[in-house]
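Computed from a predicted structure; not experimentally measured.
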Amino acid sequence: MKYSIIIPTLNEEKLLPGLLDQIDDLELKKRFDYEIIISDGGSIDKTINLSQGRVDKIKLNNESIKQNIAIGRNEGAVYASGEILIFINADIKFDNPEKFFLYVEDKFYFSDFSAMTCNVKIFPEEEILLDKIYHYCYNGYFSFLNNIGLGMGRGECQIIRKDVFNKLNGYSIVLAAGEDFDLFRRVQKVGKVLFSKDLYIYESPRRFRKFGYAKVTLSWIKNGFSVFFKNKSLSKEWEQVR
C-alpha cells in the first residue's frame, strides 16, 4: 500500500463527517492505493459510530494514559500499512482530494524529499478578510522556515515517509503542543522537507474564533521557542475547541 491517512480524533462528530465525505471514496482509494485510519483519544460523542464502515481501521487508545495528539498520531502510525504517512486533523477538508494525491505522487512520492506539507486556509464559507491576511502571512512564514532549513509544517497536514518517521521515533509524546514543529525540525536533520505553495487544505476557524488570532499566535510562538530551546512545550494540555 502506498499511503496511510491517519486522523487523530477526540469528540469530532461535527466536522469529521465532512472530511470522510471527501476521502471515503472507493474509486479514489483504488486509484491512489490508500487506507484511512482513525486514532481516537477517548471520544464520548458519536465520533466512533460515525467512523464505522467509513474508514479502514479504528484504533481506540488506552484511556488509562493521558492522551495528547502526538500519542494519537503515533498510535495510528503503528497500524499503518502505507509507505507514506499522511497525518491530517479531523477538522480539515481538502481543496480537491484527487488534485492532492496527484500532486503528492508527482512531486513527492518518487522524490528524495523525506517529508512534505502545504498551505493552510480557512473553510471558504467561513473565511473573512482577517483570515485571508493572516494565513497568507503565516503560510509564507512556514515556507521561509523550510527554505532556511529549520523545518516547519502545521499538524493540519504533515506527510512523511514511514521509514523516516520510524527512524525519528515519530512525534514526541511529551509535547502537548508544538509536536508538529518538533517533528519537522528533526526531519530537516536527516532529510529535506517539501513545502508546496501550489497545494492547500482548509481548516476550521473554530480555535481562532474562540481565542482570537493574537492569543493563538502567542501560544504557538511561546511553545515553539520552548520546544526549540528546551525540548518541551509550555502548554500542559491543548484545550479542546468543539
Side-chain angles (χ1 to χ4, degrees), residues 1-8 19-20 22-39 55-57 59 70 73-90 92-121 139-172 179-203:
M1 181 165 288
K2 284 186 176 182
Y3 307 104
S4 293
I5 298 177
I6 300 168
I7 310 170
L19 171 61
L20 295 183
Q22 289 189 311
I23 59 177
D24 177 28
D25 184 307
L26 290 178
E27 183 177 337
L28 204 64
K29 291 175 72 174
K30 182 177 180 181
R31 180 180 175 186
F32 294 107
D33 193 17
Y34 67 85
E35 63 180 352
I36 306 170
I37 302 171
I38 292 292
S39 180
V55 304
D56 300 284
K57 300 171 184 175
K59 173 66 172 66
R73 289 176 178 142
N74 287 349
E75 288 294 316
V78 170
Y79 288 82
S81 303
E83 305 167 54
I84 306 294
L85 307 180
I86 302 175
F87 294 97
I88 55 176
N89 287 350
I92 70 105
K93 287 183 181 179
F94 292 95
D95 169 43
N96 181 309
E98 180 181 17
K99 176 183 175 182
F100 175 86
F101 279 106
L102 284 172
Y103 188 98
V104 173
E105 294 234 324
D106 183 45
K107 303 295 183 181
F108 179 73
Y109 187 79
F110 295 105
S111 75
D112 60 351
F113 288 103
S114 295
M116 174 185 161
T117 188
C118 64
N119 291 310
V120 180
K121 297 184 179 182
N139 286 322
Y141 175 60
F142 286 172
S143 177
F144 169 74
L145 290 180
N146 283 300
N147 286 338
I148 64 174
L150 283 182
M152 186 62 199
R154 288 184 58 191
E156 278 68 24
C157 182
Q158 292 192 316
I159 305 169
I160 183 170
R161 298 187 188 280
K162 189 176 184 180
D163 60 342
V164 175
F165 184 82
N166 290 337
K167 180 179 180 179
L168 297 174
N169 295 314
Y171 291 91
S172 175
E179 80 296 328
D180 45 7
F181 163 59
D182 172 71
L183 177 64
F184 269 36
R185 179 172 64 97
R186 288 185 284 126
V187 168
Q188 284 280 22
K189 295 179 180 180
V190 300
K192 298 187 298 181
V193 174
L194 170 63
F195 185 95
S196 171
K197 295 181 180 180
D198 302 315
L199 200 65
Y200 56 90
I201 53 110
Y202 298 119
E203 68 170 329

Take V190 and R186 through the test side chain to side chain contact (heavy atoms under 4.5 Å, CB included) and record every step on the way to the result. CA-CA 7 Å; V190 300; R186 288 185 284 126; over 6 Å; no
Could you give me the CA-CA distance, side-chain angles and deciding distance for I160 and F87, then say whether side chain to side chain contact (heavy atoms under 4.5 Å, CB included) is met? CA-CA 8 Å; I160 183 170; F87 294 97; 3.8 Å; yes
Walk me through it: do N89 and R73 pass the test side chain to side chain contact (heavy atoms under 4.5 Å, CB included)? CA-CA 10 Å; N89 287 350; R73 289 176 178 142; 3.0 Å; yes
From CA spacing to verdict: side chain to side chain contact (heavy atoms under 4.5 Å, CB included), I7, V55: CA-CA 10 Å; I7 310 170; V55 304; 5.9 Å; no
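Listed for the K197 side chain is no donor-acceptor partner under 3.5 Å among the backbone atoms of S143. Here the side chain of S4 pairs a donor or acceptor atom with the backbone of S81 at under 3.5 angstrom. With Q22 contributing its side chain and F94 its backbone, the two residues share a donor-acceptor pair below 3.5 Å. D56 places no side-chain N or O within donor-acceptor distance of the main-chain N or O of I37, the cut-off being under 3.5 Å. Formation of a donor-acceptor pair under 3.5 Å by the Q158 side chain with backbone atoms of G153 is found in this model. Looking at D33, its side chain does come within 3.5 Å of a backbone N or O of K2 through a donor-acceptor pair. The backbone N or O of C157 lies less than 3.5 Å from a partner atom in the side chain of T117, making a donor-acceptor pair. Formation of a donor-acceptor pair under 3.5 Å by the Y103 side chain with backbone atoms of D198 is not found in this model.
Expressed to the nearest 0.5 Å, how far CD of E156 lies from OH of Y202 amounts to 15.0 Å. Atoms CD1 and CZ, on I148 and F144 in that order, are 4.0 Å from each other to the nearest 0.5 Å. Residue E83 holds its CD atom at 10.5 Å from CE of M1, rounded to the nearest 0.5 Å. Rounding to the nearest 0.5 Å places NZ of K57 at 12.0 Å from OG of S39.
You'll find the ring centres of F184 and F195 outside the 6.0 Å limit. Ring to ring, Y171 and F165 are close: their centroids are under 6.0 angstrom apart.
For N169 against N74, the heavy-atom pair with the smallest separation is O-ND2, 4.4 Å. A pairwise comparison of heavy atoms in V187 and S114 identifies CG1-CB, 3.9 Å as the closest pair. Residues L85 and A80 approach most closely at CD2-CB, 3.6 Å, considering heavy atoms. When all heavy atoms of P8 and I88 are compared, the closest pair comes out as CD-O, 3.3 Å. What you find for M116 and S196 is that their closest heavy atoms are CE-CB, 4.2 Å. Nearest heavy-atom pair across S172 and E179 is O-CB, 4.4 Å.
Exactly one residue among F101, F108, F32, Y34 makes a ring pair (Phe, Tyr, Trp, His ring centres under 6.0 Å) with Y3. That residue is F101.
Residues N139 and Y200 are not in side-chain contact: their nearest non-hydrogen atoms beyond the backbone lie 4.5 Å or more apart. Residues I23 and L28 fail the side-chain proximity criterion, which asks for heavy atoms closer than 4.5 Å. In this structure the side chain of M152 never reaches within 4.5 angstrom of the side chain of V193, judged on heavy atoms. Counting heavy atoms from C-beta on, the side chains of F100 and L199 come closer than 4.5 Å. Within the 4.5 Å cutoff, side-chain heavy atoms of R185 are placed close to those of D182. Side-chain contact between I84 and R161 is present, with at least one heavy-atom pair separated by less than 4.5 Å. Proximity of I159 to V104: side-chain heavy atoms (C-beta onward) are separated by under 4.5 Å at one or more points.
The existence of a salt bridge linking K167 and D163 is excluded, since no basic side-chain nitrogen approaches an acidic carboxylate oxygen closer than 4.0 Å.
For K107, the NZ atom sits in a loose shell: 12 or fewer heavy atoms of surrounding residues, nucleotides or ligands are nearer than 6.0 Å. A 6.0 Å sphere centred on CG of L26 holds no more than 12 heavy atoms belonging to other residues, nucleotides or ligands.
Counting only N and O atoms by type, the side chains of R154 and N119 include no donor and acceptor under 3.5 Å apart. At a cut-off of 3.5 Å, with distance as the only test, no side-chain donor of Y79 or E35 sits close to an acceptor on the other residue.
The cationic atom of K192 (NZ for Lys, CZ for Arg) lies less than 6.0 Å from the six-membered ring centre of F113 and within 45° of the ring axis.
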